[in-house]
Amino acid sequence: MFDIQKADQKAMEMIAPAVKEAEEISFFTTERVMEAFREERVSEAHFAGSTGYGYGDRGRDTLDKVFARALEAEDALVRPHFISGTHTLTVALFGVLRPGDIMLAATGKPYDTLDEVIGLQPNGDGSLADFGIEYQQLDLKDGEIDYAGLEKALEQPKVKMVFLQKSKGYQDRPTLSSKEIGRVAQFVHEIRADVIVMVDNCYGEFCERHEPTYYGADLMAGSLIKNAGGGIAPTGGYIAGRADLIELCSYRLTSAGIGRESGCTLSILRELYQGLFLAPHVVLQAKKTAMFAAAMLEQMGCECAPAHDAPRYDIIQTLTVGSPERMLAFCKGIQAGSPVDSFVTPEAWDMPGYDAPVVMAAGAFVMGASIELSADGPIKPPYIVFLQGGLTFESGRLGILRAIKEINDQD
Ligand SMILES: *Cc1c(COP(=O)(O)O)cnc(C)c1O
């Protein structure tokens, strides 16, 4: 029988050096966020919000500037009107691409929810394909960017965008570091200065000292119910990058001719500001929770990526638990270890778009917020649980311990 108490103590020792490094990163990124607040002279008046058309909403416009500084970008568009990460990415794609352009994905197939946005099987729903925007894809080669393939693809003058997904998402592949994204951006821009390097930055924010935009990505987008909302934002998304591209995105978000001038914020601004303030710290909590999970499961002989002591470029942890029963047991424990809906037992179900039943565990204050402790995955070999989030390390550690107890009982 696996001795959970002993493994818990051992895991805490195992992760200590990596935790120390993660704390240094959080200290570094917190300083940048604080500097952004100070430079933009944020005050109580910025939290007031607006109604109706939302003209002259100073709090909204200043939030854009604070985010731009925090994310090391020329400009940013931060809005509660973005309903999800997918919607935010959609606005960015439609914002800058035009009929006849080619969108080139260079990290393999993008996140599943983008299939229909791109129009992999056009059906008249208004996908990019419906509007004459062509999609091409380069798969990773042993987890690395295919630079030779990229150089060849860029010979097509119609390539307008190189699209990169930083996080592994629900794939079994390494997450790209911001630096590696920077290398791709430089490579692309040396061949074709006019090509937009866009990054799906979901789950990536504040995991490293610098964001992809710092290293030369032109545009990136993410969700506020993941890292960048610090567990406080109840909804929303952001796009950050080159000012001219952000302006184009603003016309797609609202209307041509209106752009970012309109869009009321009701009473949400305080939460968006406070969420950003907390984001580096909350990301640290999630990273520590992920490290702890890896250290525990490694002691059980499971394959974990990243390993407990490896660098982390996003908050996702994959745990190969090895059987359907163990997947369900683990998720049951995570659910029981949540502050909300702790009494329910997650069951696998046939989710549209997946070739195997999917199990999901989450008991969050914000519905579906995966910056809060959550675990999920399609029930198929090799039986990988995707774990992410944790608003506090203490609750994250407790959740993992509970999940492992469920596996123990199952075994
Ligand atoms: C979560 C996620 C998305 C989509 O965000 P939703 O808010 O679920 O629509 C896109 N890409 C990646 C890498 C993600 O992790």
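We count ligands from 1, going down the list as the structure has it; atoms in each ligand are counted the same way.
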Original post:
Of all residues at least two apart in sequence or in a different chain, which pass the salt bridge (Lys or Arg N to Asp or Glu O under 4.0 Å) check with E180?
Top reply: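 Here the qualifying residues are R183.
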**OP:** Run the salt-bridge test on R209 and E24 with the 4.0 Å N-O cut-off and return the result as yes or no.
**Re:**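 Salt bridge absent between R209 and E24.
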Original post:
Do the charged groups of R260 and D61 touch, with an N to O distance under 4.0 Å?
Top reply: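 Looking at R260 and D61, the cut-off is not met.
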Original post:
How would you list, by chain and number, the residues with a heavy atom under 4.0 angstrom from ligand 1?
Top reply: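 Its neighbours under 4.0 Å (heavy atoms only) are S84, G85, T86, L89, Y111, Q165, D200, C202, Y203, K226, given by chain and number.
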**OP:** For residues 273-284, pull every pair meeting side chain to side chain donor-acceptor pair (under 3.5 Å), keeping only residues two or more places apart or in separate chains.
**Re:**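 For residues 273-284, and leaving out neighbouring residues, the side chain to side chain donor-acceptor pair (under 3.5 Å) pairs sorted by first residue read H281-Q285.
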Original post:
Sequence neighbours excluded, which residues qualify as side chain to side chain contact (heavy atoms under 4.5 Å, CB included) partners of V340?
Top reply: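 So V340 forms a side chain to side chain contact (heavy atoms under 4.5 Å, CB included) with F365.
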Original post:
Going by atom types alone, do Q156 and Q136 pair a side-chain donor with an acceptor below 3.5 Å?
Top reply: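 Side-chain D/A pair, Q156 to Q136: present.
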